[in-house]
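We're numbering straight along the sequence, starting at 1. Here the structure is a predicted model, which means the values were calculated and not measured. Just so it is clear, the values below take in all heavy atoms, side chains as well, and ignore hydrogens, waters and symmetry mates.
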Amino acid sequence: MHHEEEYQEITHCGFVAIVGRPNVGKSTLMNHILGQKLSITSRKPQTTRDQILGVQTKGHIQTIYVDTPGLHKGQDKAINRYMNRTANQALKDVDVVLFVIDAERWTDEDDNVLAKVRHADCPVVLVVNKVDKLEEKDELLPRMMDLSEKMDFAQIVPISALRNKNLDRLENLVESYIPEGVQYYPEDQITNRSSRFLAAEIVREKITRQLGQEVPYEVAVQIEEFVYEGATIHISALILVERDGQKRIIIGDKGSKIKLIGKEARIDMENLFQQKVMLNLWVKVRSGWSDDERALASLGYQDD
């Protein structure tokens with residue numbers, strides 16, 4: 001008798017946590033690796049509030065990136081406590097940790113993250129970002145030697161996330177740690193987040209980019225309506241701020257700022273959803289929301 005053996009490709013699937021103090025380029029790194037704008041990026045710290053999962057499938061290897069909010073010391077506000085809990089959770093149940101730092105300086109906050117990653121049950125790769133900013137190129141090797149003494153890192157990889165430098169090497173290294181396993185997501189899926197969540201993130205990014213230091217990070221965006229009508233998506237977003245002054249800044253003179261925020265957000269949404277978008281934005285003052293656990297829960301910032 002002739003038996004034909006059924007051939008089944010061995011697949012790999014694993015989780016990668018991206019950790020680091022605020023503003024070292026974690027979100028930019030993930031966006032470049034995935035070639036898709038998922039996690040919001042800005043020059044202000046604390047803009048990534050959730051464990052956004054970015055999924056990359058290359059043939060038989062699926063890598064699921066967990067982009068954590070920055071680990072930071074401030075435990076006073078409810079939102080800070082929530083963000084720290086989320087980041088700590090990400091260090092459990094992952095196959096490799098990417099600890100991202102800024103090549104130019106090591107701070108107390110980096111020490112704080114280091115103390116946490118020491119307890120990870122998996123390899124920790126130190127990713128030295130923004131190496132293009134170093135004044136002298138010959139600073140890099142001694143810098144990496146110093147860093148290697150801080151902990152027994154699995155590897156130290158210098159990169160520039162913004163300039164796409166050395167990311168191939170980092171990706172290959174990450175893939176080498178991904179264990180055999182069934183793939184969780186279909187290969188064309190790049191995030192497990194809902195479209196509503198991504199729409200809210202886009203609006204929040206535009207506010208942060210447009211207003212920089214003028215509006216602190218106490219801005220939340222709630223999607224009130226997300227409706228498909230034929231070839232168009234109708235989206236209504238409520239922007240929540242803490243004070244009247246912030247509301248005035250976001251609206252701008254004769255509505256100029258909110259129009260610009262809306263226009264930029266709509267363009268990004270149309271690119272992401274590949275559909276025409278009608279976007280309505282509203283601004284509302286809800287004081288104390290960032291320091292109220294119940295308010296955070298109602299806005300979706302709750303522990304799973």
Q. What heavy-atom pair brings N166 and P158 nearest, and what distance separates the two atoms?
A. ND2-O, 2.8 Å
Q) How far does CE of M269 sit from CD1 of I235, to the nearest 0.5 angstrom? A) 4.5 Å
Q. Quick one: does V241's side chain get under 4.5 Å of I249's, heavy atoms only?
A. no
Q. What is the minimum heavy-atom distance between H60 and I10, and which atoms define it?
A. CB-O, 3.5 Å
(Q) Restricting to non-hydrogen atoms, name the atom on A120 and the atom on V124 that form the minimum distance, rounded to 0.1 Å. (A) CB-CG2, 4.1 Å
Q.
Counting neighbours of NZ on K58 that are heavy atoms of other residues, nucleotides or ligands and sit closer than 6.0 Å, is the number greater than 12?
A. yes
Q) Given I64 and C13, is the side-chain contact (heavy atoms from CB on, under 4.5 Å) satisfied, shown in steps? A) CA-CA 8 Å; I64 301 165; C13 186; 3.8 Å; yes
(Q) Rounded at 0.5 Å granularity, tell me how far CG in L29 sits from CD1 in I159. (A) 4.5 Å
**Q.** Pairwise distance CD(E270) to CD1(I202) - rounded to 0.5 angstrom
**A.** 10.5 Å
Less than 3.5 Å apart, which donor and acceptor atoms pair up between the side chains of residues 143-157 and the rest of the protein, not counting sequence neighbours?
{"unit_1": "R143", "atom_1": "NE", "unit_2": "A103", "atom_2": "O", "d": "2.8"}
{"unit_1": "S148", "atom_1": "OG", "unit_2": "M145", "atom_2": "O", "d": "2.6"}

Q: Check whether any side-chain heavy atom of H12 sits under 4.5 Å from a side-chain heavy atom of S176, and report yes or no.
A: no
Q. Between D132 and K165, what is the shortest heavy-atom contact and its length?
A. CB-NZ, 4.4 Å
Q) Hey, are the side chains of E175 and T63 touching, using non-hydrogen atoms and a 4.5 Å cut-off? A) yes
Q. Hey, what do you get for NZ (K254) to NZ (K259), rounding to the nearest 0.5 Å?
A. 10.0 Å
(Q) Return the CD1 to CD distance between I207 and Q246, rounded to the nearest 0.5 Å. (A) 10.5 Å
Q: Decide yes or no for E229 and M278: does some side-chain heavy atom of the first lie under 4.5 Å from some side-chain heavy atom of the second?
A: no
Q: Output, in order, the C-alpha distance, side-chain angles, deciding distance and verdict of side-chain contact (heavy atoms from CB on, under 4.5 Å) for V24 and N129.
A: CA-CA 7 Å; V24 289; N129 192 19; 5.7 Å; no
Q | L240 side chain reached by Q222 side chain, heavy atoms, under 4.5 Å | A | yes
Q.
Is it true that S236 and E225 share a donor-acceptor pair across their side chains at a distance under 3.5 Å?
A. yes
Q: Applying side-chain contact (heavy atoms from CB on, under 4.5 Å) between R21 and each of L114, D102, I101, report the one that passes.
A: D102
Q) Hey, are the side chains of V94 and V16 touching, using non-hydrogen atoms and a 4.5 Å cut-off? A) no
(Q) Measuring from atom CD of E264 to atom CG of L279, what distance do you get when rounded to the nearest 0.5 angstrom? (A) 12.0 Å
